[in-house]
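To start, the structure itself, in structure tokens.
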Amino acid sequence: MAKKASRNSEPDSHVGNGGELHQTNSGDGRLTTNQGVPVADDQNTLTIGPRGPQLLEDFILREKITHFDHERIPERVVHARGYAAHGYFQCYESNADLTKASFLQDPSVKTPVFCRFSTVAGSEGSHDTARDVRGFSVKFYTDQGNYDLVGNNIPVFFIHDAIKFPDLIHAVKPAPDRGFPQAQSAHDTFWDYVSLTPESMHMLMWIMSDRAIPRSFRMMEGFGVHTFRMINAEGESKFVKFHWRPKLGTFSLIWDEAVKIGGADPDFHRRDLFNSIAMKSYPEWELSVQVFTEEQANEFDFDVLDPTKLVPEELVPLRPLGKMVLDRNVDNFFAETEQVAFCPSHVVPGIDFSNDPLLQGRLFSYLDTQLSRLGSPNFHQIPVNKPKCPFANFQRDGHMQMDVPKGRVANEPNSLDHGLLREDPKAGFTSFPTEESGQKLRIRPKSFADHYTQARLFYISMTEPEKRHIAGGFGFELGKCENAKIRTRMLGHLQNIDEGLASDVAKALGMTGQADKIEPMVAVGNPEPSEALSQYAKAPASIAGKKIGLLTTDGVDAKLYKDLVKLAKSEQAIVEVITPTIGAIQSSKGDEITPDHFLSGAPSCLFDCVVIAPSEENAAMLASQAAAVDFIRDAFAHLKVIGFTEPAAELFGKASVATDADEGVLEISGGKAAEFVEKAKQHRIWDREPSVRAF
Ligand code: HDE
């Protein structure tokens, strides 16, 4: 019996209708104006005669067009391009010893969350795979109010002080005269700025590493970056650093792959998140904290208030708090993902700030930006921003007031409303009473002066492929700088970080021996490597959450197809079928298979590992397609595991890839699909890399 395999890559609707936020425009199915007037004709404007002039009195036309004219709001000045989902957070056990934050007390409670991932520099319509930091923002709707943990996928930042942020962002955004380049740091203004700002060096190492080109939001770590405080019911405070760890492991793209995906599927990351939630393969992260006292912090050889520094896990291990699961796509991108307003100042009792100067500046900036972006101090009334616990105060009026507050009184204290709303000195938010004294100064603490030791720590903690990619990243970006002075200045900084790295980058640029001499303000330390900083030293051997691309034709080997689908399912991965055209094909047993992609729309960069298995009859036709040749060539250059069946040999010849090139190219005819899947768990064949690119 012919079975029909359906496409699994593009669910046309998503599961888990939010319900609460979802509204149709009219209750009874009739199309109406915004005033509720039923519309008789929504296709034709009111005119005098069939070919005559239009009438200004057409309120239906004017309402529709006016609303359309005002559909856009300012995009976020940074993190404009983002994607989000709903889910929940659940702690593993009570953390009452550490914090009184209510959502961290009871493991039976699921706290709703809304989580938005973003790139920083690109505008809303830019592509997902740009080299950039990724935002990692989580809004916890706790029963003590909303808590926003607004972090990044990199644990440090470029600058010490918020006063520098506009300059940093102006430097990375398109140049003001010409309006390009878009979503890129590979240009003169960025590298000029950071090379004149040595505190950026540690962050630059992360940005040039694979961390800045994640494989998926689902495979990305997150960090709170700053040092925060947690306070327990006894009023004791500890410092904490927040970490999110993805259950699937942390994986990245190869730079050439990221560039090609940018063209082939600019929505690569958002599609990946949407589809995996729609298929009920819910992404999950573990939230942990590093906990330390002020006394411990005083012993570290860096300042925990300096956001360009991390606390190595060898110094303070991670304490797991709980897990976040994202299990529901948004119902409406604009209403939820665009209108969500995160503010680091949204904290709850039990969580407090440190004096990190960057954090302090952020506490002002986010509330301010929501006022211009969303246009009103009532943005907390937008459903996605609204607390899910009761909230009430005497704030009134303003643009777009959605509530109808009742009563004569809008002031506090008062004796007229029978004392309905009162402060709660016991359970209300109180700031940790730190002792503060000193002169009023505009000055940088000396304890922030070491710009190179942790940059070195990061570099020496990388595996060989990760080191190569960092050198390649610097080479590519600096190669795009027209001004040679910027390149020699950056080479000078790199020499202070690691001589080997500086020499590799100089080689990549063809500028050996041309580094400036840059004197560090304090002696650069010689730290021990920290394995936790490397992605690949701790990568799980797994294809969970990944995609196998099966390039095939009519007549595909039925057993191979079936085996691959079955194996993938058991490993929580998926198979997507690519054929020269998009119409249904038949397997060798006559089963009908609807392909997920047609060849020229699905280059191999969109998949984690690939199988090339044309039928005997169609092998020559496939070998005549340039896109099929590129498919193999790129898969090989992107270090992927490639499985093939015998008829694919001609295609390999055209791509100049030997069928026995290395352990990652496997003949899998005759029921050997399991061998392919086992090998694909390695993710990439790193040993292949030196043979396909210098850096
Ligand atoms: Fe942000 N940042 N930022 N930032 N940031 C914004 O707020 C700002 C910084 C981060 O998904 C803006 O609502 C200043 C560090 C994320 O909606 C704005 C400084 C970290 C998001 C703003 C920083 C972040 C933003 C723009 C230096 C990691 C996206 C739109 C003091 C810990 C939130 C908006 C979302 C967004 C200001 C530095 C993370 C303008 C002034 C460090 C994830 O308010």
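Both counts, for ligands and for their atoms, begin at 1 and track the order of listing.
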Practice task
Using distance alone, decide if ligand 1 has a nitrogen or oxygen within less than 3.5 Å of any nitrogen or oxygen in Arg76.
Solution key: yes
Exercise. Say whether Lys164 and ligand 1 are in contact under the criterion: heavy-atom distance to a ligand atom below 4.0 Å.
Key: no
Of Val156, Val225, Val77, Thr337, the residue with the heavy atom nearest atom 40 (C) of ligand 1 is Val77
re atom 28 (C) of ligand 1, the protein heavy-atom contact at minimum distance is Asn152 ND2, 3.2 Å
#### Entry: Lys/Arg-Asp/Glu bridge criterion (N-O < 4.0 Å) met for Glu294, Lys238
no
Within a strict 2.8 Å cut-off of atom 1 (Fe) of ligand 1, protein N/O/S atoms tallied 1
Review point. Would Lys241 and Glu313 satisfy salt bridge (charged side-chain N to carboxylate O under 4.0 Å, His left out), going step by step from the backbone distance to the final call?
Key: CA-CA 11 Å; Lys241 288 266 192 186; Glu313 285 177 40; over 6 Å; no
Looking only at atom types and distance, does a side-chain atom of Asp352 sit under 3.5 Å from a main-chain N or O of Arg229, one as donor and one as acceptor? no
the protein heavy atom lying closest to atom 11 (O) of ligand 1 turns out to be Arg116 NH1, 2.7 Å
Arg76/Glu338 ion pair, N-O < 4.0 Å
yes
(request) Any chance you could lay out the salt bridge (charged side-chain N to carboxylate O under 4.0 Å, His left out) test for Asp192 and Arg489, step after step, and finish with the verdict? (result) CA-CA 9 Å; Asp192 187 37; Arg489 199 187 296 140; 2.9 Å; yes
We want to know whether His187 and Ser185 form a side-chain donor-acceptor pair, criterion being a heavy-atom distance below 3.5 angstrom. no
Applying salt bridge (charged side-chain N to carboxylate O under 4.0 Å, His left out) to Arg444 and Asp161, what does each step give before you reach the verdict?
CA-CA 9 Å; Arg444 195 95 54 90; Asp161 192 314; 5.9 Å; no
Atom 33 (C) of ligand 1 sits nearest the protein heavy atom Ser137 OG, 3.5 Å
Atom 13 (O) of ligand 1: closest protein heavy atom, distance to 0.1 Å, is Gln370 NE2, 2.9 Å
Query raised in the report: When you check the side-chain N and O atoms of Asn146 and His346, is any donor under 3.5 Å from an acceptor?
Result: no
Among side-chain atoms of Asp327 and His86, is any donor-acceptor pair under 3.5 angstrom? no
Atom 42 (C) of ligand 1: of Tyr83, Phe158, Phe157, Phe223, the nearest heavy atom sits on Phe157
